[in-house]
Amino acid sequence: MVAQDLRGRGIRDARVLAAMSVIPRHQFVPPEYEFHAYDDTPLPIADEQTISQPYIVALMTEALQLTGGERVLEIGTGSGYQTAVLAELDVEIWTVEQSKILAKQSKRRLERLGYESIHFFQSDGTAGLPYEAPFDRILATGSLPEIPGTLLSQLADGGIFVGPVGGWHCQDLVRIVYHTDQSEREVLCQCRFVPLIGEDGWHQ
Ligand code: SAH
């Protein structure tokens with residue numbers, strides 16, 4: 001998977017490739033999908049959600065330009081796979097998951113695998129975690145109709161947001177380098193993510 005689907009498709013960050021080489025993705029998917037765990041594809045997890053496609057996880061993580069020690073907010077813990085990738089990169093993580101089942105499962109899984117430096121929250125993450133801000137990086141692993149201003153304002157100056165923004169069915173994978181005066185916005189690719197349902201996300 002790492003050689004063919006990640007390095008082969010242009011992921012260059014050696015730390016990201018090394019992280020994804022050591023994480024047992026088969027332990028993050030339901031038993032019936034274990035056989036496909038190293039295919040470059042999203043797979044169903046509990047509560048009608050999905051574990052993201054490995055290439056997209058690598059691309060998003062690379063786009064965060066982590067060197068270690070950063071404070072990272074992740075919105076949408078899901079299976080915890082992306083959280084594990086971040087943890088391998090020696091950052092401090094605040095991860096928020098709305099689904100009670102997934103929040104419980106992923107916390108237990110990541111603790112069992114020995115990951116530390118992760119703060120778990122079960123709530124609506126679309127408003128961020130104002131009391132824990134500022135963050136150096138914010139990663140949304142579900143789609144947003146637009147990026148809430150409250151979220152961006154929780155970034156430190158020069159901090160980076162990465163996430164899918166746009167329509168319900170199709171989004172731009174966006175990277176914002178946040179500056180209080182003028183932010184830079186870049187589209188990395190087109191993508192299709194499950195929605196972040198919440199006060200500052202999609203309304204159901
Ligand atoms: N990174 C995850 C992908 C999870 S999919 C992985 O690789 O497994 C997106 C996740 O966002 C789902 O688990 C969904 O339950 C969660 N979610 C949806 N709305 C949310 C919200 N408002 N706040 C936090 N999590 C939310």
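Counting from 1, the numbers follow the sequence of the chain as shown. All of these numbers come straight from a predicted model, not from anything done at the bench.
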Q.
Could you tell me if the side chain of Val57 sits less than 4.5 Å from the side chain of Val85, heavy atoms only?
A. yes
Q. Honestly curious: do Leu139 and Leu66 fall in one hydrophobic cluster under the side-chain, below-4.5 Å linking rule?
A. yes
Q: Indicate the atoms forming the closest heavy-atom contact of Pro164 with Ala140, along with that distance.
A: CD-O, 3.2 Å
(Q) If hydrophobic clusters are built by linking Ile, Leu, Val, Met, Phe, Trp and Tyr wherever their side-chain heavy atoms come under 4.5 Å apart, do Phe121 and Leu144 end up in the same one? (A) yes
Q. Does Leu59 belong to the same Ile/Leu/Val/Met/Phe/Trp/Tyr cluster as Ile23, with side-chain heavy atoms less than 4.5 Å apart forming each link?
A. yes
Q.
Please determine whether residues Ile138 and Val16 belong to a single hydrophobic cluster, defined as Ile, Leu, Val, Met, Phe, Trp and Tyr linked transitively by side-chain heavy-atom distances below 4.5 Å.
A. no
Q. Is the backbone of Thr67 close enough, under 3.5 Å, to the side chain of Glu70 for a donor and an acceptor to pair up by distance?
A. yes
**Q.** Within-4.5 Å side-chain heavy-atom neighbours: Ile93 and His119
**A.** no
Q: With Arg25 as the cation and Tyr38 as the aromatic partner, state whether NZ or CZ is under 6.0 Å from the six-membered ring centre and within 45° of the axis.
A: no
Q | Closest contact, heavy atoms only, Pro54 versus Thr41 | A | CD-N, 3.6 Å
Q.
Going by side-chain contact (heavy atoms from CB on, under 4.5 Å), Glu62 matches just one of Ile11, Leu6, Leu188. Which one?
A. Ile11
**Q.** Closest approach of Pro134 to Ala156 (non-hydrogen atoms, all atoms of both residues)
**A.** CB-N, 4.1 Å
Q. Are the side chain of Glu97 and the backbone of Thr77 linked by a donor-acceptor contact shorter than 3.5 Å?
A. yes
Q | Gln154 side chain to Leu129 backbone, donor-acceptor under 3.5 Å | A | yes
**Q.** Taking every non-hydrogen atom, the tightest pair across Asp172 and Cys191
**A.** C-SG, 4.1 Å
Q) Checking Gln171 side chain against Gly167 main chain: does a donor-acceptor pair fall under 3.5 Å? A) yes
Q: Mind running side-chain contact (heavy atoms from CB on, under 4.5 Å) on Gln65 and Ile160 for me, showing each step along the way?
A: CA-CA 9 Å; Gln65 297 177 338; Ile160 298 176; 3.6 Å; yes
**Q.** Min side-chain heavy-atom separation Leu151-Thr126 under 4.5 Å
**A.** no
Q. Which distance, rounded to the nearest 0.5 Å, do you find between the CZ of Arg137 and the CG of Leu86?
A. 11.0 Å
Q) Within the distance-only criterion (no hydrogens, no angle test), does the side chain of Glu92 pair as donor or acceptor with the backbone N or O of Ser117 below 3.5 angstrom? A) no
(Q) Quick check: closest heavy atoms across Pro145 and Val165, and the distance to 0.1 Å? (A) O-CG1, 3.8 Å
Q | Atom pair OG1/CG of Thr61 and Leu89 - distance to nearest 0.5 Å | A | 7.0 Å
Q. Is a donor on one side and an acceptor on the other found under 3.5 Å between the side chain of Arg71 and the backbone of Asp136?
A. no
Q. Quick check: are there more than 12 heavy atoms from other residues, nucleotides or ligands sitting under 6.0 Å from CD of Glu48?
A. no
Q: Indicate yes or no: at least one non-hydrogen side-chain atom of Phe28 is less than 4.5 angstrom from one of Leu113.
A: yes
Q: State, yes or no, whether a side-chain contact exists between Glu74 and Thr141 at a heavy-atom distance under 4.5 Å.
A: yes
Q | Result of checking Lys107, Arg109, Arg108 against Glu111 for salt bridge (charged side-chain N to carboxylate O under 4.0 Å, His left out) | A | Lys107
Q. Roughly how far, to the nearest 0.5 Å, is OH of Tyr178 from CG of Leu155?
A. 7.5 Å
Q: Please step through side-chain contact (heavy atoms from CB on, under 4.5 Å) for the pair Ile118 and Trp94, ending with a clear verdict.
A: CA-CA 6 Å; Ile118 303 174; Trp94 285 257; over 6 Å; no
Q. CZ of Arg15: more than 12 outside heavy atoms within 6.0 angstrom?
A. yes
Q. Quick check: does any side chain N or O of Asp90 sit under 3.5 Å from a backbone N or O of Gly69, one acting as donor and the other as acceptor?
A. no
Q. Distance from Ile75 atom CD1 to Ser123 atom OG, nearest 0.5 Å?
A. 10.0 Å
Q) Do Met1 and Met20 touch side chain to side chain, with heavy atoms closer than 4.5 Å? A) yes
Q: Indicate yes or no for a side-chain donor-acceptor contact from Thr50 to the backbone of Ser52 under 3.5 Å, with no hydrogens or angles considered.
A: no
(Q) Do Tyr55 and Val29 land in one hydrophobic cluster if side-chain heavy atoms of ILVMFWY residues count as linked below 4.5 Å? (A) yes
Q | Distance (rounded to the nearest 0.5 Å) between Ile197 CD1 and Trp202 CH2 | A | 9.0 Å
Q. Would you call Arg9 and Asp40 a salt bridge, using N to O less than 4.0 angstrom?
A. yes
Q: Please assess Leu102 against Ile45 for the test side-chain contact (heavy atoms from CB on, under 4.5 Å), listing each intermediate value before the final yes or no.
A: CA-CA 9 Å; Leu102 286 170; Ile45 54 173; 3.8 Å; yes
Q: Keeping the roles fixed (side chain from Arg175, backbone from Ala63), state whether a donor-acceptor pair exists under 3.5 Å.
A: yes
Q | Main-chain N/O of Glu199 paired with Asp124 side-chain donor or acceptor, under 3.5 Å | A | yes
Q) Under the side-chain contact (heavy atoms from CB on, under 4.5 Å) criterion, do Trp168 and Ser143 qualify, and how do the steps go? A) CA-CA 8 Å; Trp168 180 264; Ser143 74; 5.9 Å; no
(Q) For a 4.5 angstrom cut-off between non-hydrogen side-chain atoms, does Val96 reach Leu73? (A) yes
Q: Report yes if the side chains of Val187 and Leu173 come closer than 4.5 Å at any heavy-atom pair, otherwise no.
A: no
Q: Any chance you could measure Gln82, atom CD, to Ile56, atom CD1, to the nearest 0.5 Å?
A: 11.0 Å
